[in-house]
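The structure under discussion appears below in the form of structure tokens.
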Protein chains: 2
Amino acid sequence: MPSDKNIELTISDGHASAPPKAAKKILDVAYDLFYRRGIRAIGVDEIVKRAGVTKPSLYRSFPSKDELAASYLRQYDLEYWERFDEAVAANPGDPRAQIKAFLTRIGKRTQVADYRGCGMTNAAVEYPDHSHPARVVSEANKQELRRRLRAMAAAMGAHDPDTLGDGLLLLIEGAYISGQLFGLGGPAQSVARNADLLIEASLKK
Amino acid sequence: MPSDKNIELTISDGHASAPPKAAKKILDVAYDLFYRRGIRAIGVDEIVKRAGVTKPSLYRSFPSKDELAASYLRQYDLEYWERFDEAVAANPGDPRAQIKAFLTRIGKRTQVADYRGCGMTNAAVEYPDHSHPARVVSEANKQELRRRLRAMAAAMGAHDPDTLGDGLLLLIEGAYISGQLFGLGGPAQSVARNADLLIEASLKK
DNA sequence: ATGTATACGTACCGATCGGTAACATTGTCA
DNA sequence: TGACAATGTTACCGATCGGTACGTATACAT
């Protein structure tokens, strides 16, 4: 079983000088480059160069570039739900406020120069093939997002929770994309306002 | 001046047998491959092979692959506004119905297997660099879309036309993306319904 | 028939792509 | 000290990338 080729990000144990694993440096650099400039646009040579390691090191920790891309997205997934759960935890028992907090945060993130949208969404655009390792991770992330949004719409007491949940997802994806298409002052800055209008119109009267 | 390297799609003049220009065949094939599988994913070799021409023929009609990609998007732009104007012309003087018709059409198009979203949006994701020839075309298309949607929101008598116009753009972009992320039965099928809810909630009372 | 211009094909370029073989060096722990 | 695992080094692979030098074929006008 080749399970020792998986990546475990062991946290520094504080004990003496634990040599920072090559795998972590590689994944960190790949994360940054893949997200900012796209997966197809980045070659493995640039990754190892910027990480200060060599190519064999990369292929000892990751079976292929495609799997490295999938690992990047798995890391992205973790941080994504961290941010999501922060917005949820900040507004306990109030799904409408939770959504508003999450979307306000997205709206703000889109209003910076060179905003690059959602790494999951971008990866799916880069790899139309549903069997690509990176796309598998991306699709699972989006399915989970849809599930949560529909559940929250139901908890809000929406007249048609699935439609509202899907509507919120459309607004979110639209914000990711238009955030990187238009620069500052683009449509994405209004995502929270529009979502709230849509929610208001979707609640049981 | 190298203006003779531009592309003019001369329509068959009906006069005798006008040899179907190589440039047209190349652009047709490139259009299909770039849209379905992505620009970065397709090499010029595959384009010329499928078009039944040779590489020098491509580079006689197009100065570079990047410019061929831009030409593909210019063609896409033409057809995009044709579809848009059809929805407008079908509902004269009724911007709300025009939007609804356009979004219903988008919603339907998303509900086919292997739907690939909007070629403009996808190109912008593939090329984050704002100076890339393909991205320039893409951004201009989106700016025009935003302009039209805001104008239509104003014509509907929206309380805040810019916000509603931008909200509609977010829903549209969300439909393009989620249409290719989720297969059949995805959130994009509800884009027209959600747009109508948003419009209803945004009109002056 | 011959000149001229345009369209096309063969063959090739250097660079980069993702990926690997074989071996040397290092640090850790027993 | 010895053993082991991780990383480094150098050099390489075949394939594909975007792009081009250069010769050839065809059409038309004179």
Side-chain angles (χ1 to χ4, degrees), chain A residues 2-10 12-30 33-34 37-72 126-127 129 132-134, chain B residues 2-8 10 13 15-27 29-30 33-34 37-72 126-127 129 132-134:
Chain A
S3 69
D4 57 342
K5 263 220 167 182
N6 285 345
I7 308 92
E8 31 183 316
L9 294 175
T10 32
S12 161
D13 53 7
H15 173 26
S17 65
K21 312 273 184 175
K24 176 167 176 15
K25 287 195 291 184
I26 291 166
L27 188 55
D28 285 350
V29 169
L33 291 177
F34 282 164
R37 293 169 44 196
I39 299 171
R40 293 200 116 111
I42 298 296
V44 291
D45 292 279
E46 182 163 0
I47 293 174
V48 298
K49 189 178 173 188
R50 304 263 282 244
V53 301
T54 55
K55 228 181 327 179
S57 280
L58 191 158
Y59 284 96
R60 276 179 209 118
S61 298
F62 305 89
S64 67
K65 183 200 174 184
D66 288 346
E67 280 301 328
L68 173 60
S71 292
Y72 144 59
E126 284 200 271
Y127 295 100
D129 182 356
H132 191 285
Chain B
S3 69
D4 57 345
K5 263 220 168 180
N6 285 346
I7 308 91
E8 32 182 315
T10 33
D13 53 7
H15 173 28
S17 66
K21 311 273 186 176
K24 175 167 179 13
K25 286 194 292 183
I26 292 166
L27 188 55
V29 169
L33 292 177
F34 283 164
R37 297 174 35 201
I39 299 172
R40 292 199 114 112
I42 298 297
V44 292
D45 292 279
E46 182 162 2
I47 293 174
V48 299
K49 187 179 174 187
R50 305 264 281 243
V53 300
T54 56
K55 229 185 318 187
S57 280
L58 191 159
Y59 283 96
R60 272 174 218 119
S61 297
F62 305 90
S64 67
K65 183 199 174 185
D66 288 345
E67 280 301 327
L68 173 59
S71 292
Y72 144 58
E126 284 199 272
Y127 294 101
D129 181 357
H132 191 284

Take A:R37 and B:D129, measure what side-chain contact (heavy atoms from CB on, under 4.5 Å) needs, and give me the verdict at the end. CA-CA 8 Å; A:R37 293 169 44 196; B:D129 181 357; over 6 Å; no

Between A:I47 and A:L68, does the side-chain contact (heavy atoms from CB on, under 4.5 Å) criterion hold? Intermediate values first, please. CA-CA 11 Å; A:I47 293 174; A:L68 173 60; 4.0 Å; yes

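Straight-line distance from the NZ atom of A:K49 to the P atom of D:dT9: 15 Å, rounded to whole Å. Straight-line distance from the CZ atom of A:R60 to the C1' atom of C:dT25: 12 Å, rounded to whole Å. When the P atom of C:dC8 is taken as reference, atom CZ of B:F62 falls 12 Å away, rounded to whole Å. As a whole-Å value, the separation of B:L58 CG from D:dT20 P is 11 Å.
Listed by chain and residue number, A:D45 satisfy the side-chain hydrogen bond (donor to acceptor under 3.5 Å, both in side chains) test with A:K55 (two or more places apart in sequence, or in another chain). With sequence neighbours excluded, the residues forming a ring pair (Phe, Tyr, Trp, His ring centres under 6.0 Å) with B:F34 are B:Y72, listed by chain and number. Listed by chain and number, the residues in a salt bridge (Lys or Arg N to Asp or Glu O under 4.0 Å) with A:D28 are A:K24 (sequence neighbours excluded).
For DNA chain C, runs of at least 3 consecutive pairs of the Watson-Crick or G-U wobble type, with both hydrogen-bonding distances under 3.5 angstrom, map to C:1-30 with D:1-30.
Between the side chain of B:R40 and the backbone N or O of A:E126, no donor-acceptor pair lies under 3.5 Å.
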For nucleotides 13-20 of chain C, list the nitrogen or oxygen atoms of the protein found under 3.5 Å from its nitrogen or oxygen atoms, one pair per line.
residue: C:dG18; atom: OP1; partner: A:K65; partner atom: NZ; Å: 2.9
residue: C:dG18; atom: OP2; partner: A:V44; partner atom: N; Å: 2.9
residue: C:dG19; atom: OP2; partner: A:Y59; partner atom: OH; Å: 2.6
residue: C:dG19; atom: OP2; partner: A:K65; partner atom: N; Å: 2.7
residue: C:dG19; atom: O5'; partner: A:Y59; partner atom: OH; Å: 3.4
residue: C:dG19; atom: N7; partner: A:K55; partner atom: NZ; Å: 3.0
residue: C:dG19; atom: O6; partner: A:K55; partner atom: NZ; Å: 2.2

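A 4.5 Å side-chain heavy-atom check between A:V53 and A:L58 finds every atom pair outside the cut-off.
Residue A:S57 has a polar side-chain atom (N or O) positioned under 4.0 Å from OP1 or OP2 of D:dG8.
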